[in-house]
Every structure is written in C-alpha cells, then in structure tokens.
Amino acid sequence: MVSRVIPVDPFDLVIFGGTGDLAQRKILPALFRRFCAGQWVDGAQIIGAARTGYDSNGFRDVVRESLKTHAAKQCQDVSALESFLRRLDYVALDGVSDEGWGHLARRLKPGRVRAFYFSVGPRLFGPLAERIEAHGLITPLTRIVVEKPFGHDLDSAQALNATLAAHFTENQIYRIDHYLGKETVQNLMAVRFGNMLFEPLWNSQYVDHIQITVAESVGIDGREEYYDRAGAMRDMMQNHLMQLLCLIAMEPPAKFDPDAVRDEKLKVIRALDPVEPHHIVRGQFEGEGSGYRQVVGNERSTTESYVALKAHVSNWRWAGTPFYLRTGKRLVARSSVINVMFKDAPHSIFGADAGRHANVLSIRLQPNEGITLKVTIKEPGPGGMRLVDVPLDMSFAEALGPENQDPPDAYERLVMDVIRGNQTLFMRGDEVEAAWAWTDPIIAGWQARGDVPKPYDSGSTGPGDAELLMKRDGRRWQGINP
Ligand code: BG6
C-alpha cells in the first residue's frame, strides 16, 4: 500500500543550531525525506542559523555530507539532493546579541508559515524568544519548536514555560517528544480507538498488568556530561515512557484533536500515585574498562543508566492493574515494546494439565514495528486437548507491503505537523509540568537516601532486582528480543 502524501503550503523554517548534531542527524534528513516524498516543494525555504561563519554554500556542503550518512537511500537521487540543497540558506547569527537578526528578518517572507526550531540548549530559549519578538518576527503564522530536555525538574520546567509564554501563546509552542512521532505509537491510538475489539477489554477487569520496555543497546558515548546530570529517570522515564503510559491508559478523547488528546493524557499523569521506594530499581552498567563510571570519568557517579518501576494509575479504569516500566542503556538489544497482559480465563474447562494461558497484546515500537496478539489454540493432532499459544502477527511491513518496511522517522511526521499547525503529537506545558511533579519526589528520595544504583552487566537484561520487582508480584518480564 503506497501512502498518500498531502503537500503542505510553502513555509519558512529557521533552524537555530542548524549546524549542530540534532539538526544534521535528524531534522534536515527528515526534511529531505519529506521533500523526496513530494510533501513540500515550491517556494519553501529552510534557513540554518548558528554562530559559525558559513555562507550558504558552505552550509549546503555540510548538509550534503550529513545527508549522505543519514538519508543515504534518498541521496542516490542526485538531482533531488541538489534541488533540496538549493532550498537551504544560512544566516550567521548570535542568539545572545542582535548580530545577524536584521539579515534573518530580510530573508523571511510575509504571509506564510514561519517556524523557528530551537535546536539549541535550553539556556538559549529565552534570548532567542526575546529577539524573535524584538525584531518583529512574530506573525499569526509563527510557531516555535523546542526539544527535550524541557527542564531538569518542575521548577526549571515552570521557568522555561514562563519564559516562552512571555513571547508566544501556547498554541504557538511545539514541545517535541519524538516518541509521539513514531509510527507504532500513533498506531496504538488507531488500534485502541479505531476498533471495537479491544476497548471493552481495556481495563482492570480484563488486564492483569501492562509492561512498557524501552531497551537500548547503545551507551551514552558523546553525551557523557549531559547524561551524568540527567540519568535514565530524567532522560527517558519522565518523557518517553510516561507518554507511552498515557496513550495506553487514557480515556478515549472525544476527537483526535490537540487539546482533547492532551487533556486526557494529562488526567492520566495526575492520576498516577507516588511511587513507593521499594517499587523502583535503579541500575548502572558495568563492563571491562567500559562501565558507566569509566565512560563518564567519575568513579563515584551514582547516576542510573537503568530504571524499572511499578506505577499505579489510580482511577476507575485502572485501579488494581499495575504498570511496569523499564528502560536502560547497554542492554542486550534495542527493543521497545508495550505488552498488555490480559488475565487468565476465569475457569479452565480443560483441566490443570492444560496449563495457564493468557492473551498478550504486544505493540512493537522498534525494531520490526508491528502488533502481535497471542492467543491460545489447540495443539494440532490427536491425543487429547493440549493447548498452545500462537501469535496472530501483524508486521506492518508484511501487512502493508514492502514500501512500509522502513516506517518514516518520527521527525518526518513531527516537523510536517509543525508546518501544518497540528499540535496533537506535541506536549503541552501543563503535561510537562505534571510529569515533573511526579518524577521529582522519586529523584529527591534517592538523593535523600543516598541511593546507589545496582550494577548490571553490559549486554544483559538489566539488574537482577528488576526481575524481583516482578517476581514478588508473581509476574515476570517478557523477553527483550530484537
Ligand atoms: C532520547 C534520549 O530522547 O531518546 C536518548 O535522550 C535515547 O538517551 C533516545 O537514546 C532514544 O530514541 P530512539 O528513537 O532511538 O529510541
């Protein structure tokens, strides 16, 4: 099945930090892929802005090299590549002084969508926002895009929100959590709210528990300084895993529109109970010469590279159904999966020998995106009623054709949503604050107790205590399979 592409109107997109890692690795390749898909063509321009003194051709050369690595397939079409590069421009500009801003202002065209992508550290958010306003660049079609980390805790997130709110309205602010742009994450909503089959069972009466696993095989190389200040709780749990939890747990919104969806997500975060200290396991990877502490160059670091916890959403739908969340670096495989573990049938008519069987709905985010429903059937052949669990498997690549083998990168969807003006897959300020309000006491508790993370071997499934967290409840994690 070939996906339909609905072209967007011409736009101006300014990427502050345009020569930086995120712009080169994610944003520009995403724009190029959308360009090749025919989503935007005429008239649009992308302006890289940074302190480095390139001219436009110098910037294009840098982007050409990045695209060869990060959009290798599309780069095979040399004329598309050159045509894309011609739409790029560059302005040398200082975020903390007025230098270069007049130049930028002259490049922007009136009457069209004008997006400013803050691909820079949060300390520049304020100075950039101020200058955008001071130079008269805010129009009714102006939007800004900001990346995580959106704050380090509740206080800093509130301060950032206040800084941005001094210049922009909430519907002009697009806070990216790139997990929301992943194809399967959006599919989660399609599966839940587009089918009659699942929603009636989607509650504590039928669901025993839910597991959300975001396992990474990569470490933290190149980001040591940031990561050692953040840790897995701030880097992944407070945002990506919580967003997944919200989409699983939320009530059906009345419409698929930004505020309806975000209102429902917010209610989930607010319904989360504080997490009991004995319901959390922190871990730190070890490895011969390449353990966490060696990598960050601090033999005493107590930052966690792994966290697993048991959360409760205290509302009518979920009372009594725990959510187990885990994420970590340098694990056995890269694998992000949500498993909805249904309860056993109330009575087995096949007797004790048939064993216990329960349905599992697995939503695979990456790799091998797809959805599997494990159902129980009779093992073929004579000799009695033996039961066996088999997967009803819907791999998107198989079900929708080979062109869906490589789903679009999350940034493709999200950057185009900014241009279209659709905030559904972006976090609202109050959501981010509520997520920090839940996270902060957990981190404060570790600090107060002087908690030291449990070591785990690189290439393993994480610390043994995470298994115990489940075992104590008579449950176990599903495997981490690539
Ligand atoms: C980022 C985190 O937000 O997400 C990284 O800062 C993490 O630490 C990354 O590696 C994971 O994203 P993905 O899309 O590779 O699963």
Heavy-atom pair of closest approach, residues Val337 and Ser362: CG1-CB, 4.2 Å
Worked verdict on Tyr292 versus Lys329 for side-chain contact (heavy atoms from CB on, under 4.5 Å): CA-CA 10 Å; Tyr292 181 87; Lys329 304 273 185 206; over 6 Å; no
Lys/Arg N to Asp/Glu carboxylate O, Asp177 vs Lys148, below 4.0 Å: no
Among Arg112, Lys109, Arg107, Arg114, side-chain hydrogen bond (donor to acceptor under 3.5 Å, both in side chains) partner for Asp12: Arg112
Main-chain N/O of Ser301 paired with Arg293 side-chain donor or acceptor, under 3.5 Å: yes
Residues Asp153 and Ser156: side-chain donor-acceptor under 3.5 angstrom: yes
Shortest non-hydrogen contact between Gly181 and Gln186, atoms and distance: O-NE2, 3.0 Å
Rounded distance [0.5 Å steps], OG1 in Thr461 versus OH in Tyr306: 7.0 Å
Which atom of Pro453 lies closest to which atom of Gly283, heavy atoms considered: CB-C, 3.7 Å
Stepwise side-chain contact (heavy atoms from CB on, under 4.5 Å) check, Arg143 with Gln423: CA-CA 11 Å; Arg143 286 138 212 191; Gln423 286 187 305; over 6 Å; no
Audit row: Asp409, Lys26, salt bridge (charged side-chain N to carboxylate O under 4.0 Å, His left out) steps and yes/no: CA-CA 8 Å; Asp409 185 75; Lys26 290 288 185 187; 3.4 Å; yes
Exercise: identify the closest heavy-atom pair between Leu154 and Ala437: CD2-CB, 4.2 Å
His135 and Asp98 side chains, donor-acceptor separation under 3.5 Å: yes
Test item: Tyr227 side-chain N/O and Ala232 main-chain N/O as donor-acceptor pair under 3.5 Å: yes
Minimum side-chain heavy-atom gap Met341-Val207 below 4.5 Å: no
Tyr117-Glu147 side chain donor-acceptor pair, cut-off 3.5 Å: yes
Asp259, Val261, Thr424, Asp263 screened by side chain to side chain contact (heavy atoms under 4.5 Å, CB included) with Pro253, the one that passes: Val261
Neighbour count >12 (heavy atoms, 6.0 Å) for atom CD, Gln294: yes
Distance-only polar pair, side chains of Asp235 and Tyr226, donor-acceptor under 3.5 Å: yes
Flag side-chain contact, heavy atom, 4.5 Å: Arg475 against Pro322: yes
Side chain Trp202, main chain Ile248, donor-acceptor under 3.5 Å: yes
Expected output: side-chain Asp465 to main-chain Val281 donor-acceptor under 3.5 Å: no
Donor-acceptor pair, side chain of Thr213 and main chain of Ala215, under 3.5 angstrom: no
Phe168 vs Glu133 side-chain heavy atoms within contact, under 4.5 Å: no
Flag if over 12 foreign heavy atoms under 6.0 Å of OH, Tyr206: no
Heavy-atom side-chain proximity of Gln172 to Ile138 below 4.5 angstrom: yes
Side chain Ser460, main chain Tyr456, donor-acceptor under 3.5 Å: no
Parallel, tilted or perpendicular: ring planes of Tyr90 versus Phe59, cut at 30 and 60 degrees: tilted
Approximate separation, where rounding is to 0.5 Å, of Tyr179 OH and Leu425 CG: 15.5 Å
Separation of Arg334 CZ from Asn481 CG (nearest 0.5 Å): 15.0 Å
Sidechain-backbone polar pair: Arg420 side chain, Val8 backbone, donor-acceptor under 3.5 Å: no
Heavy-atom pair with the smallest gap, counting every atom of Gly231 and Thr303: CA-CG2, 3.4 Å
Mutual orientation of the aromatic rings belonging to Phe16 and Trp101 [parallel < 30°, tilted 30-60°, perpendicular > 60°]: tilted
Side-chain ion pair, Arg317 and Glu251, N-O less than 4.0 Å: yes
Polar side-chain atom of Arg192 near backbone of Leu247 as donor-acceptor pair, under 3.5 Å: yes
pair Arg270-Trp438: side-chain heavy atoms closer than 4.5 Å: no
Phe11 and Val418, any side-chain heavy atoms less than 4.5 Å apart: no
Polar side chain donor-acceptor pair, Asn161 to Arg175, under 3.5 angstrom: yes
Derivation and outcome, side-chain contact (heavy atoms from CB on, under 4.5 Å), residues His167 and Ile144: CA-CA 10 Å; His167 307 280; Ile144 62 161; over 6 Å; no
Derivation of the side-chain contact (heavy atoms from CB on, under 4.5 Å) call for Ile46 and Trp40: CA-CA 11 Å; Ile46 296 164; Trp40 63 273; 3.6 Å; yes
Point-to-point distance, once rounded to the nearest 0.5 Å, from CD1 of Ile176 to CZ of Phe118: 12.5 Å
Minimum side-chain heavy-atom gap Ser119-Ile27 below 4.5 Å: yes
pair Val295-Glu224: side-chain heavy atoms closer than 4.5 Å: yes
Short side-chain to backbone donor-acceptor contact, Lys265 and Gln243, under 3.5 Å: no
From Leu309 atom CG to Ile280 atom CD1, the distance as rounded to the nearest 0.5 Å: 5.5 Å
Check: Arg476 main-chain N/O paired with Gln211 side-chain donor or acceptor under 3.5 Å: yes
Shortest non-hydrogen separation from Arg229 to His152 and the atoms involved: O-CE1, 3.3 Å
Exercise: do Thr439 and Gln238 side chains pair donor with acceptor under 3.5 Å: no
CZ-CG distance between Arg131 and Leu93, expressed to the nearest 0.5 angstrom: 9.0 Å
